[in-house]
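The figures here come from the full heavy-atom set of this structure, side chains too, leaving out hydrogens, waters and symmetry mates.
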Amino acid sequence: MVRTRFAPSPTGYLHIGGVRTALFNWLFARSQGGRFLLRLDDTDRERNLEEAVRPILEGLRWLGIDWDEGLEVGGDYGPYRQSERADRYDAAVERLLASGAAYRDYATPEELEAEREEARAAGRAFVYSRRWRAESPADDERFAAEGRSAVVRLTMPREGSCRFHDLVRGDVEFEWAREQDHVIRRADGTCLYHLANVVDDQDMKISHVIRAEEHLSNTPRQIFIAEALGAEPPIHAHLPFVAEPGSRNKLSKRKIAKYLKNPDFAELHARGMTVLERLGRTADAETFNPVIVGFYEDVGFLPDAVVNYLLLLGWSLDDRTEDFTREEMVREFRLDRVSKSPASFDPKKLVAFQERRMQEVPLAARTRLVLPYLAEAGWIDDVDDPATVARVTRIVEAAGDRIKIAGDILDYADLFPAAGDLAYDEKAFEKRITKPDDAIDLLAAFRDVVGAVRPFAAEALETALKGFVESRDLAISKIIHALRVATTGKAVGFGMFETLEILGPDLVVARIDAALEKARAAKETVHGDAD
RNA sequence: GGGGCCAUCGUCUAGUGGUUAGGACGGGAGAUUCUCAGUCUUCAAACCGGGGUUCGAUUCCCCGUGGCCCUGCCA
């Protein structure tokens with residue numbers, strides 16, 4: 001039975017690199033008919049634990065990465081929080097002590113540092129002398145009498161080597177002599193991560209440990225612990241790390257300021273900030289940025305698009321397949337197709353997956369994606385009101401591929417009177433309305449025509465405008481740009497006729513009037529200055 | 001300092017002891033529509049360096065270089 005796990009620390013957010021690890025664990029378990037577990041590595045006890053855990057669970061759930069055992073869902077091998085498992089770690093330490101695989105060590109940090117310094121000066125690798133190792137109860141008493149306290153260290157082998165087969169890297173070998181007598185229990189009696197990790201994996205019957213490459217060098221000591229505890233070590237698979245945009249350096253949540261200097265990263269971030277601002281929310285770059293999964297949920301990405309991108313960050317099926325449904329990825333996923341080298345995070349490619357996926361979302365579903373954003377922005381009142389839904393559906397339909405991310409709907413304030421007064425693109429206004437000498441007259445003439453068109457629908461409006469320009473022997477471009485700026489304030493937008501239909505006759509006429517007034521006032525000013 | 005892992009277009013990657021080194025994102029050019037978006041066509045773009053092995057290395061081996069990780073009473 002394949003059993004994999006994801007064991008995040010309660011950091012308060014779900015990181016892109018972390019979630020990729022979770023995804024691969026999930027995919028492997030699902031592809032093998034196994035089980036996927038979620039447990040919490042909270043060995044350093046934090047305040048506000050629940051607060052720090054929630055975004056992680058939310059992020060996983062949003063992406064559709066579900067777990068069979070662990071936090072919140074329970075299971076037969078709990079508890080699933082390290083902070084609640086101290087008794088098991090203590091028991092493991094006692095067994096290691098009893099078998100000689102570990103020992104109590106009374107060296108002070110200073111004494112240890114002196115030995116390290118000595119090794120450094122001599123130019124050789126540091127190997128602890130074990131001078132303060134307690135060999136007998138008498139030693140314990142003697143050291144204690146000197147005021148020393150004990151940590152527990154692993155009695156690591158000093159010859160031979162640790163060989164294991166990594167499902168991604170192949171055969172790996174480490175010489176035992178290079179390994180340290182790692183501490184597994186502090187002087188204060190609390191246990192350390194590596195011990196806890198191995199005990200948990202063993203207790204929870206984890207068959208495959210799939211984790212980030214940074215743990216590769218930690219594997220020998222964990223294998224040592226596992227074997228000393230009398231168990232078969234799990235099978236390991238070390239994933240390449242996720243690198244920064246445009247570089248091979250490891251992606252870090254602490255370097256957001258640096259990533260913001262990357263144009264692609266900055267662009268995505270800015271896009272997210274725009275959505276947030278229009279929603280009236282605030283966030284700083286530390287907690288809201290493209291390295292954090294919550295960013296994508298907030299801005300309106302499709303979970304499938306994000307997952308698909310993540311899947312290809314270090315994994316490939318062949319030389320051409322890029323798009324995968326959940327079923328396909330579960331069916332095709334294999335650990336031996338994971339690449340060995342770091343994969344750098346490319347915001348542009350992630351967005352490309354999103355855009356492609358969004359195009360496939362049917363109109364009604366796309367409308368549902370967009371409605372909550374409009375409601376939160378206060379541009380509509382009731383997401384369930386049939387008239388509102390119908391109107392938004394019409395807008396989403398007219399928008400077509402322009403809405404690439406659900407939050408993009410907030411680019412179209414001009415179609416929602418509740419969003420406030422029309423904002424004009426002043427440059428476009430001048431270019432299309434004030435400056436051309438016939439624009440004002442044409443607009444004024446068309447104003448009287450358009451108000452009377454019935455039905456006030458795209459097709460009839462198109463007929464009306466075409467008739468209007470033909471009767472004057474004009475190209476449609478002579479008026480259409482001015483009309484767009486007058487009615488939407490913008491130089492670019494949806495198809496003109498759909499836009500007019502969405503706006504409705506009253507708003508169209510009123511906006512043309514307002515634009516005419518604004519344009520005439522501008523001309524007056526120019527004349528006034530000239531005189 | 002010691003050890004480990006890694007190295008194909010800018011990015012994600014495929015691939016082989018002999019290939020025009022393939023695809024995708026991004027970029028360039030062009031076409032199309034009332035603008036934008038989209039779509040279509042098209043172009044440019046890579047085997048880290050040096051030694052071997054071999055008839056022949058991007059591929060196998062060694063060295064170097066670079067990146068990352070471990071070397072903690074952090075995880």
Side-chain angles (χ1 to χ4, degrees), chain A residues 7-9 11 41-44 82 105 107-109 112-113 116 119-126 149-153 166 168-170 172-175 177-180 182-188 190-194 196-197 212-221 238 240-241 243 245-250 264 309 312-323 337 339-353 355-356 359 399-404 408 428 432 462 465-466 475-481 483-485 488 490-497 499:
Chain A
S9 296
T11 49
D41 268 12
D42 58 345
T43 45
D44 31 67
Q82 290 192 334
D105 180 57
T108 63
L112 233 31
E113 187 45 46
R116 283 201 184 93
R120 227 184 336 261
R124 56 178 166 78
F126 165 65
S149 52
V151 298
V152 175
R153 287 182 185 278
D166 186 288
V168 172
R169 320 250 143 204
V172 185
E173 180 173 352
F174 290 83
E175 280 182 49
R178 310 281 176 201
E179 290 289 318
Q180 306 299 314
H182 302 286
V183 173
I184 52 174
R185 189 167 71 192
R186 298 181 179 90
D188 69 4
T190 57
C191 289
L192 278 90
Y193 167 80
H194 292 291
N197 205 53
E213 182 189 353
E214 62 193 275
H215 287 293
L216 186 61
S217 316
N218 296 326
T219 307
R221 73 181 86 162
H238 286 93
F241 58 84
S247 107
R248 294 279 192 191
N249 294 356
K250 193 180 164 207
D264 298 341
Y309 173 73
L312 264 16
L313 207 52
W315 183 87
S316 65
L317 175 64
D318 53 30
D319 63 340
R320 53 195 66 253
T321 315
E322 294 251 302
D323 293 327
R337 297 288 314 175
S339 77
K340 297 204 239 302
S341 47
S344 90
F345 173 69
D346 181 353
K348 276 233 162 71
K349 187 146 186 172
L350 169 42
V351 170
F353 275 97
E355 295 182 358
R356 225 181 305 162
Q359 288 182 358
D401 296 330
R402 294 173 188 81
I403 295 174
K404 302 166 194 303
D408 284 349
R432 297 301 192 185
E462 181 165 2
L465 184 67
K466 289 201 165 144
I476 197 166
S477 59
K478 278 285 177 190
I479 181 171
I480 202 160
H481 302 297
L483 186 59
R484 183 187 309 283
V485 176
T488 69
K490 300 191 292 195
V492 299
F494 306 164
M496 189 70 260
F497 309 108
T499 303

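Among B/G3, B/C73, B/C12, the nucleotide with an atom closest to any side-chain atom of A/Arg178 is B/G3.
The OH atom of A/Tyr193 sits 13.5 Å away from the NE2 atom of A/His182 when rounded to the nearest 0.5 Å.
Under the Watson-Crick or G-U wobble criterion, with both distances below 3.5 Å, B/A37 has no partner in any strand shown. For B/C5, the paired nucleotide is B/G67, the pair qualifying as Watson-Crick or G-U wobble because both relevant distances are below 3.5 Å.
Straight-line distance between the P atoms of B/G2 and B/C47: roughly 32 Å, to the nearest whole Å. Taking the P atoms as reference points, B/G27 lies 38 Å from B/U65, given to the whole Å. Taking the P atom of each, B/U58 and B/U16 are spaced 16 Å apart, rounded to whole Å. Nucleotides B/A46 and B/G10 are separated by 7 Å at their P atoms, to the nearest Å. Taking atom P on both B/C36 and B/A29, the two are 14 Å apart, rounded to the nearest angstrom.
Residue-to-nucleotide proximity on RNA chain B shows that, of A/His215 and A/Leu350, the 5′-proximal contact is made by A/Leu350. Sequence order on RNA chain B of the closest nucleotides to A/Arg153 and A/Phe345 puts A/Phe345 first from the 5' end.
For A/Arg169 and B/C5, a side-chain-to-base donor-acceptor distance below 3.5 Å is absent, hydrogens and geometry of angles not being considered.
A/Arg484 and A/Thr488 form no side-chain donor-acceptor contact under 3.5 Å, judged by distance and modelled atom types alone.
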